[in-house]
Amino acid sequence: MKLIAVSDEEELSRIAAEILISKIKTSDRLVLGLATGKTPLGMYRYLSKYSIESKQSYDHVHTVNLDEYVGSQAYHTYMKEHFFQYVDIPSEQTHLPNGEADSLTVECKSYEDIISNLGGIDLQVLGIGENGHIGFNEPGTNFDSRTHVVQLTESTLSANAKYFIDTNQPKKAITMGIGTILESKEILLLAVGERKANAVKELFKGSINKDIPATALKVHPNVTVLADKGARSLLDKES
Ligand code: F6R
């Protein structure tokens with residue numbers, strides 16, 4: 001696992017965007033796995049700005065998002081608001097799990113089919129939960145799991161409660177499985193702030209264990225972690 005140490009969220013956002021832009025510019029076709037949440041917001045800002053200012057087309061990019069809440073379109077809305085509205089990726093090339101599907105079992109299977117029909121994910125962007133989750137794969141999730149429905153933990157619900165002030169916060173989500181994520185050809189994990197420091201420490205110094213889902217990434221051959229000072233604070237103390 002490669003660690004790129006950055007000073008703050010701004011630098012992290014810029015470097016993450018530069019990594020994606022270099023792939024976008026050098027590929028004829030690119031399947032990007034995308035994350036939501038607070039961490040990638042700045043990266044989406046840079047990617048959108050670059051597309052507008054440079055006139056670089058993103059029309060050869062296909063996207064598959066990690067997750068969506070059950071009974072909600074929250075992450076569909078997020079992606080339109082923060083990224084898709086600014087770029088020329090055809091909407092039929094953007095994919096998120098449908099949390100409002102009649103059958104969530106069928107939806108999970110179809111989502112796996114979408115990813116495999118695309119030929120897999122070239123580069124998957126991940127955030128990390130305070131409890132070490134990736135996607136919404138909470139502690140205890142099997143490392144060979146595929147897209148499935150999860151019951152969110154209290155830690156995740158309270159970390160994300162701020163986004164649901166006016167509406168009921170869903171307690172369940174559909175997420176790509178850890179097995180699905182691990183099949184991506186390349187993974188870029190973004191970590192910002194001291195609240196992520198323990199999860200980042202476990203990722204680099206801990207053993208591979210289901211209690212910290214991100215430790216599954218240790219078996220992947222091509223993972224880059226971009227972490228700011230806060231997220232590295234427990235690593236630096238020990239080294
Ligand atoms: C979001 C996702 C989650 C977040 C994680 C960190 O699509 O899959 O794993 O990346 O919860 O969220 P933030 O960035 O809000 O701290």
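When a ligand or atom number is given, it counts from 1 through the structure's own listing order.
When each atom of ligand 1 is checked for a heavy atom of Gly135 under 4.0 Å away, the hits are 2 (C), 3 (C), 8 (O), 9 (O). For ligand 1, the atoms closer than 4.0 angstrom to any heavy atom of Lys38 are 13 (P), 14 (O), 15 (O). Interface of Leu66 with ligand 1, defined as ligand atoms under 4.0 Å from a residue heavy atom, comprises 8 (O). Atoms of ligand 1 lying under 4.0 Å from any heavy atom of Gly127, numbered from 1 in the order shown and given with element: 10 (O).
Judged by distance alone, the side chain of Glu107 and the main-chain N or O of Asn98 form a donor-acceptor pair under 3.5 Å.
Within a 6.0 Å radius of CD in Glu194, other residues, nucleotides and ligands contribute 12 heavy atoms or fewer. More than 12 non-hydrogen atoms from other residues, nucleotides or ligands lie less than 6.0 angstrom from CZ of Arg29. Atom NZ of Lys2 has 12 or fewer neighbouring heavy atoms from other residues, nucleotides or ligands inside a 6.0 Å radius.
Interatomic distance, CG of Asn117 versus CD1 of Ile114, reported as 8.0 Å (0.5 Å rounding).
Contacts between Thr39 and ligand 1 below 4.0 angstrom, taking non-hydrogen atoms only, involve backbone and side chain alike. Within the 4.0 Å heavy-atom criterion, the part of Ile128 lying near ligand 1 is the backbone and not the side chain.
An N or O contact shorter than 3.5 Å links Lys196 to ligand 1 by distance.
Among Thr36, Asp67, Leu41, the residue whose heavy atom lies nearest to atom 2 (C) of ligand 1 is Asp67.
Ring-centre distance between Phe164 and Tyr69: below the 6.0 Å cut-off.
For atom 5 (C) of ligand 1, the closest non-hydrogen atom on the protein side is His133 NE2, 3.4 Å.
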Solution key, residues 171-180 side-chain donor-acceptor pairs under 3.5 Å, sequence neighbours excluded:
unit_1: Thr175; atom_1: OG1; unit_2: Phe136; atom_2: N; d: 2.9
unit_1: Thr180; atom_1: OG1; unit_2: Glu112; atom_2: OE2; d: 2.8
unit_1: Thr180; atom_1: OG1; unit_2: Gly177; atom_2: N; d: 3.2

